[in-house]
J.: 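The structure's right below; bear with me while I get my questions together.
Model, not experiment: these values are computed from the prediction.
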Amino acid sequence: MKIAEHIEALDGAGLGLAEAAAGAGPDAEVPTCPGWRIRDLLRHVTTVHRWATAFVTEGHTAYRPEGGEPALDGDALLAHYREGHAALVAALRAAPEELECWTFLPAPSPLAFWARRQAHETTVHRADAESALPAGPGPVAPAVGADGIDELLGAFHALSRSRVRTPEPRTLRVRATDTGDVWTVRLSADAPRTERTTGSPAAGPVDTELSGPAGSLYLTLWNRLPEDAVAVTGDASLVRLWRERSAIG
C-alpha cells in the first residue's frame with residue numbers, strides 16, 4: 001500500500017471506530033479487550049493518536065512517552081477522540097515526504113512508517129469498538145488486511161522481543177485466498193522469520209496452515225476474531241501458541 005492509501009485507511013477506520021463507540025455507549029464492555037469498556041478504548045486510542053501526531057508535526061528524533069490519558073467521559077470523550085483522529089489524519093496528509101522523526105519498525109521513510117502503523121492501530125481498534133455491538137467486528141478490506149498481516153508477521157514478530165517461539169523448528173503458513181499472498185513463518189527458539197510470496201503458491205511442507213480472506217486472517221492473527229473464522233489445517237497447537245504469546249505490547 002502507498003502512503004496515501006494508508007492515510008485513507010486510517011481516516012476510514014477512525015471514523016468507523018467513533019461510530020461504533022457512539023452506538024455502543026461509553027459503558028459497553030469490549031469483548032476483544034477483556035476488562036475494557038468503550039471509554040477505556042477511546043482514552044487509549046486518542047492518546048496514541050496524539051502521541052503519533054506529535055512526532056509527525058514536531059519532528060522528534062528520539063522516543064518520547066505518551067501523554068496521560070484524558071479524564072473525560074461520555075460525549076466529551078468521544079468529541080476529544082474525534083478531534084485527535086482528525087488532527088492525526090491532517091498531520092500525515094500535510095507532512096513532507098522527507099519528514100525526519102523517530103520510528104520503531106523498519107519502513108521506507110518515517111512518513112511511511114507512521115501512516116502505516118496508525119492505519120493498523122486504528123483498524124484493529126475499530127474492530128474492538130465494533131465487538132461491543134451485536135453484529136461484532138465488520139470486514140477489513142483485502143488490501144488493508146494483507147498489508148497488516150505483513151506488518152505483524154514481517155515487522156513486529158521479526159523483533160527479538162517476539163514471544164512466539166518453539167523448542168524445535170516448526171513452520172506456520174498463512175494463505176490469503178482473495179489476494180494471493182502467502183506468508184511462511186519459521187518458528188524456533190529464536191524470533192520468527194517470515195517469507196512472503198505473492199501470485200504463486202508457496203511450496204514445501206508446513207506444520208500448520210491458516211487460510212481465508214486477508215481481512216479475516218488479519219483480525220484472527222491480531223486475536224480479534226476466533227480461530228474458526230478462518231480455515232485451520234495441520235497441528236492446531238501452533239494456533240494456540242500464537243493466541244497465547246503473540247500479543248503486541
Side-chain angles (χ1 to χ4, degrees), residues 9 12-14 16-17 19-21 23-25 27-42 44-45 119-157 162-166 170-187 192 194 196 202 206-249:
L17 192 162
E19 181 178 354
D27 200 45
E29 294 183 354
V30 181
T32 52
C33 298
W36 273 17
R37 297 183 183 272
I38 285 292
R39 64 172 58 85
D40 302 306
L41 178 65
L42 288 173
H44 166 74
V45 179
H120 294 301
E121 175 81 13
T122 310
T123 299
V124 170
H125 286 314
R126 186 210 76 189
D128 291 328
E130 291 171 344
S131 78
L133 300 174
V140 172
V144 175
D147 185 76
I149 293 169
D150 203 53
E151 183 199 47
L152 180 63
L153 299 180
F156 272 116
H157 283 287
S162 174
R163 298 187 303 117
V164 182
R165 300 174 185 236
T166 54
R170 308 292 297 280
T171 305
L172 170 68
R173 182 167 290 152
V174 178
R175 186 183 303 276
T177 54
D178 51 354
T179 66
D181 294 293
V182 178
W183 295 264
T184 302
V185 186
R186 303 195 185 282
L187 303 173
T194 299
R196 180 184 184 181
V206 297
D207 296 288
T208 309
E209 179 172 298
L210 304 180
S211 62
S216 297
L217 289 167
Y218 171 70
L219 291 180
T220 300
L221 290 168
W222 273 104
N223 296 329
R224 263 56 183 193
L225 286 179
E227 61 189 69
D228 61 7
V230 298
V232 179
T233 57
D235 184 359
S237 70
L238 286 187
V239 180
R240 292 193 295 273
L241 174 75
W242 180 269
R243 290 201 169 271
E244 292 168 0
R245 300 187 184 179
S246 66
I248 303 297

J.: So that I can tick it off, tell me whether R175 and D181 are bridged by a salt bridge, with the cut-off set at under 4.0 angstrom between side-chain N and carboxylate O.
T.: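 Salt bridge absent between D181 and R175.
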J.: Looking at every heavy atom in both T177 and P213, which two are closest together, and how far apart are they?
T.: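 So the minimum-distance heavy-atom pair works out to OG1-N, 3.4 Å.
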J.: Find out whether T32 and V30 are in side-chain contact, i.e. whether some heavy atom of one side chain is under 4.5 Å from a heavy atom of the other.
T.: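 Side-chain contact under 4.5 Å: yes.
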J.: Go through the steps for D27 and I38 under the test side chain to side chain contact (heavy atoms under 4.5 Å, CB included), then give the verdict.
T.: CA-CA 6 Å; D27 200 45; I38 285 292; over 6 Å; no
J.: For the side chain of W183 and the backbone of R173, is there at least one donor-acceptor N/O pair under 3.5 Å apart?
T.: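 No; judged by distance alone, with no hydrogens or angles, the pair does not exist.
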J.: Roughly how far apart are T184 OG1 and E209 CD, rounded to 0.5 Å?
T.: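 One gets 8.5 Å once the value is rounded to the nearest 0.5 Å.
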J.: With a 4.5 Å limit on heavy-atom distance, are the side chains of V230 and S211 in contact?
T.: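 Result no, sub-4.5 Å side-chain heavy-atom pair not found.
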J.: Start with the C-alpha gap between C33 and R224, add the side-chain angles, then the distance that decides, and say whether side chain to side chain contact (heavy atoms under 4.5 Å, CB included) holds.
T.: CA-CA 9 Å; C33 298; R224 263 56 183 193; 3.9 Å; yes
J.: Please name all residues satisfying side-chain hydrogen bond (donor to acceptor under 3.5 Å, both in side chains) with H125, sequence neighbours left out, ordered by chain then number.
T.: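 In terms of side-chain hydrogen bond (donor to acceptor under 3.5 Å, both in side chains), with neighbours along the sequence ignored, H125 is linked to H44, E121, D128.
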J.: Let me know which of L238, T208, V206, L153 forms a side chain to side chain contact (heavy atoms under 4.5 Å, CB included) with V185.
T.: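 Result for side chain to side chain contact (heavy atoms under 4.5 Å, CB included) with V185: L153.
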J.: Should the ring pair W242 and H157 be called parallel, tilted or perpendicular, given that the plane angle runs from 0 to 90° and is split at 30 and 60?
T.: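 Correct class here is tilted.
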J.: Just verifying a value: how many Å separate L221 CG and I149 CD1, rounded to the nearest 0.5 Å?
T.: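 Interatomic distance, L221 CG to I149 CD1, rounded to 0.5 Å: 5.5 Å.
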J.: List the steps, then state whether side chain to side chain contact (heavy atoms under 4.5 Å, CB included) holds for H120 with V144.
T.: CA-CA 8 Å; H120 294 301; V144 175; 3.9 Å; yes
J.: What are the two closest non-hydrogen atoms of T123 and A13, and how far apart are they?
T.: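 That would be OG1-CB, 3.6 Å.
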J.: So, do V124 and Y218 sit near enough that their side-chain heavy atoms are less than 4.5 Å apart?
T.: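 The answer is yes; the side chains approach within 4.5 Å.
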J.: Does R196 form a side chain to side chain contact (heavy atoms under 4.5 Å, CB included) with D150? I'd like the steps, not just the answer.
T.: CA-CA 8 Å; R196 180 184 184 181; D150 203 53; 3.1 Å; yes
J.: Report yes if some heavy atom in the side chain of V182 is under 4.5 Å from a heavy atom in the side chain of V174; otherwise report no.
T.: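 Side-chain contact under 4.5 Å: no.
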J.: Look at the side chain of D178 and the backbone N and O of P142, then say whether any donor-acceptor pair between them is shorter than 3.5 Å.
T.: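 Not at all, since once roles are kept as given, no pair shorter than 3.5 Å links the two residues.
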J.: Measure the spacing between OG of S246 and CZ of F156 and express it to the nearest 0.5 Å.
T.: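 S246 OG to F156 CZ: 12.0 Å, rounded to 0.5 Å.
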J.: Got a sec: does the CD of E227 have more than 12 other heavy atoms crowding it under 6.0 Å?
T.: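 Enclosed: over 12 neighbouring heavy atoms sit under 6.0 Å from CD of E227.
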J.: Mind listing the closest non-hydrogen atom pair of L219 and G138 along with its distance?
T.: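 So the two residues come closest at CD1-O, 4.0 Å.
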J.: Do L187 and R165 make a side-chain contact, defined as non-hydrogen atoms from C-beta onward lying under 4.5 Å apart?
T.: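 In short, these two side chains do not touch, never coming nearer than 4.5 Å.
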J.: Roughly how far, to the nearest 0.5 Å, is CD1 of I248 from CG of L152?
T.: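 It comes to 5.5 Å.
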J.: Over all heavy atoms of both residues, which pair between A129 and A21 is shortest? Give the atoms and the distance, please.
T.: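 In terms of heavy atoms, the two residues are closest at CB-N, 4.3 Å.
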J.: Measuring from atom CG of L225 to atom CG of L217, what distance do you get when rounded to the nearest 0.5 angstrom?
T.: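 Going from the CG atom of L225 to the CG atom of L217 covers 10.0 Å.
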J.: State whether the side chain of D207 and the backbone N or O of R170 hold a donor-acceptor pair below 3.5 Å, judged by distance alone.
T.: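 Side chain of D207 to backbone of R170, a donor-acceptor pair under 3.5 Å: no, none is there.
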J.: With sequence neighbours excluded, tell me which residues meet side-chain hydrogen bond (donor to acceptor under 3.5 Å, both in side chains) with R240.
T.: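 If we apply the side-chain hydrogen bond (donor to acceptor under 3.5 Å, both in side chains) test to R240, skipping adjacent residues, there are no hits.
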J.: If I compare all heavy atoms of S131 with all of P137, which pair ends up nearest, and what's the gap?
T.: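 What the structure gives for the nearest pair is CA-CD, 4.0 Å.
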J.: Could you tell me whether a side-chain N or O of E29 sits under 3.5 Å from a main-chain N or O of R37, the two making a donor and an acceptor?
T.: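 Not a single qualifying donor-acceptor pair exists.
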J.: Provide the closest heavy-atom pair for A229 versus T220 in the form atom of the first, atom of the second, distance.
T.: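 Shortest heavy-atom separation between A229 and T220 comes out as CB-OG1, 3.9 Å.
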